[in-house]
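So you know, we letter chains A, B, ... as the sequences are listed, proteins then strands, and number each from 1.
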There are 2 protein chains.
Amino acid sequence: MRTSDALGTALDRAGYAVTAPRRAVADLVEQRDGHFTALDLVTEARRRRLGVGRATVFRAIELFEELGLVERLDLPTGEHAYVVCEPVHHHHVVCQRCGRDAEIEDCGIDALAASIESNTGYLVGLHRIELFGLCPACLSQGGASRRPTSRSSD
Amino acid sequence: MRTSDALGTALDRAGYAVTAPRRAVADLVEQRDGHFTALDLVTEARRRRLGVGRATVFRAIELFEELGLVERLDLPTGEHAYVVCEPVHHHHVVCQRCGRDAEIEDCGIDALAASIESNTGYLVGLHRIELFGLCPACLSQGGASRRPTSRSSD
DNA sequence: GTTTTTGCAAACCATTTGCAGGGTC
DNA sequence: GACCCTGCAAATGGTTTGCAAAAAC
């Protein structure tokens with residue numbers, strides 16, 4: 001969760017109107033600790049009686065995504081979730097228990113891409129890496145017996 | 001595309017009835033060259049008048065996925081597609097032009113996981129890596145000017 | 001003959017869009 | 001005041017489910 005109004009500021013800088021509904025959605029997003037779905041925000045907005053409609057929430061998220069302020073994750077279940085993040089290339093480790101996440105800057109893609117290109121003949125462009133596991137908090141709280149789904153060694 | 005009836009055999013071995021509709025869906029899947037969506041199969045089944053219903057196609061794919069014979073991809077667009085693959089841990093490079101794919105055995109996750117674990121404190125479990133680019137065929141056919149979306153270096 | 005599986009239709013869920021009204025710059 | 005943004009409701013697209021009939025073992 002951010003302390004500053006990063007999303008509002010970014011909207012402004014990108015030339016988008018900083019309206020009350022967008023601000024409201026930005027607040028909801030910034031108050032989230034882990035990942036969230038669009039519907040989570042819609043529900044939360046309704047619960048708080050913010051008077052922000054479904055469509056507006058979806059449009060605001062789309063805008064934030066466009067600006068690189070949130071990123072879409074595809075959870076192992078196939079669900080689409082979002083996380084707040086910095087607008088630079090990176091990846092996330094997502095806690096399977098609480099949904100919190102950490103950013104990873106160096107995913108070592110260059111070496112991997114090179115090896116793939118020479119092995120398969122494919123030219124590698126985009127990549128997406130998503131890691132799931134347990135965050136430090138859940139690890140210590142859950143005790144040593146709790147392990148994420150086993151990592152296959154490859 | 002497979003030459004053998006790998007999916008049918010696998011169903012049998014896993015104790016599922018090898019029925020005509022499942023066989024039909026398996027055929028459709030095996031005849032695919034690149035990735036496909038569930039709806040692609042539904043459409044194709046209808047076009048060929050196989051008499052296989054929507055629900056059956058979805059249920060068959062679900063089954064194949066459970067058996068590790070096909071895998072769900074999340075395309076950059078957010079679309080859910082499937083590819084045929086071996087039931088062992090691996091990843092895919094998907095051609096952004098034609099949808100064909102190649103499997104990658106060694107994604108170098110162990111080194112990455114270790115570095116993440118020491119940097120973030122997260123215990124890494126599952127991971128998902130998806131790469132997009134151009135396959136050799138599209139590369140040569142498209143000429144040197146065609147490049148996939150630029151790869152950010154990280 | 002009992003258990004699965006199927007097809008159909010309806011239900012569902014997330015997401016998008018059309019549009020008239022309202023707010024912003 | 002022109003244009004962008006919003007809410008609503010309806011449309012959409014993908015996926016799932018209930019159920020009675022049909023097929024498999």
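To the nearest 0.5 Å, atom CD1 of residue A:Ile116 and atom CD of residue B:Glu103 are 12.5 Å apart. Interatomic distance, NE2 of B:His92 versus CZ of B:Phe132, reported as 10.5 Å (0.5 Å rounding).
Across the interface with DNA chain C, nearest-nucleotide mapping of B:Thr19 and A:Leu39 shows B:Thr19 to be the residue nearer the 5′ end.
With rounding to whole Å, A:Glu65 atom CD is found 15 Å from C:dT16 atom C1'. Rounded to an integer number of Å, the gap from A:Phe64 CZ to D:dC5 C1' is 13 Å. What separates CD of B:Glu79 from P of C:dA14 is a distance of 19 Å, to the nearest Å. Taking atom CG of residue A:Asp12 and atom C1' of nucleotide D:dC4, one finds them 15 Å apart after rounding to whole Å. Whole-Å rounding puts the A:His80 NE2 to C:dT16 C1' distance at 15 Å. The distance from atom OH of B:Tyr16 to atom P of C:dT5 is 8 Å, rounded to the nearest whole Å. Rounded to whole Å, the distance from CG on B:Asp74 to P on D:dG14 is 15 Å. Distance, A:Asp40 CG to C:dT15 P: 10 Å, rounded to whole Å.
With B:Val29 as the fixed residue, the side chain to side chain contact (heavy atoms under 4.5 Å, CB included) test singles out one of B:Val57, B:Val83, B:Val84: B:Val84. Put simply, the residue from B:Ile129, B:Asp101, B:Leu131 that forms a side chain to side chain contact (heavy atoms under 4.5 Å, CB included) with B:Val93 is B:Leu131. Among the candidates A:Val52, A:Leu63, A:Asp27, the single residue satisfying the side chain to side chain contact (heavy atoms under 4.5 Å, CB included) test with A:Arg22 is A:Leu63.
For the strand DNA chain C, secondary-structure stems (runs of at least three Watson-Crick or G-U pairs, all distances below 3.5 Å) span C:1-25 with D:1-25.
A donor atom on one side chain and an acceptor atom on the other are not found under 3.5 Å apart for A:His127 and B:His91.
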Q.
Checking A:Thr37 against A:Asp40 for the side-chain hydrogen bond (donor to acceptor under 3.5 Å, both in side chains) test, could you report, in this order, the C-alpha distance in whole Å, the side-chain angles of both residues, the deciding distance, and whether it holds?
A. CA-CA 5 Å; A:Thr37 65; A:Asp40 285 343; 3.2 Å; yes

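Near DNA chain C, defined here as any heavy-atom distance below 4.0 Å, the residues from residues 47-63 of chain B are B:Gly51, B:Val52, B:Gly53, B:Arg54, B:Ala55, B:Thr56, B:Arg59, listed numerically.
Nucleic acid contact class of B:Ala38 (heavy atoms, under 4.0 Å, all strands): sugar-phosphate only.
Around the CZ atom of A:Arg46, the shell of radius 6.0 Å holds no more than 12 heavy atoms that belong to other residues, nucleotides or ligands.
Side-chain contact between B:Val94 and B:Arg100 is absent, with no heavy-atom pair separated by less than 4.5 Å.
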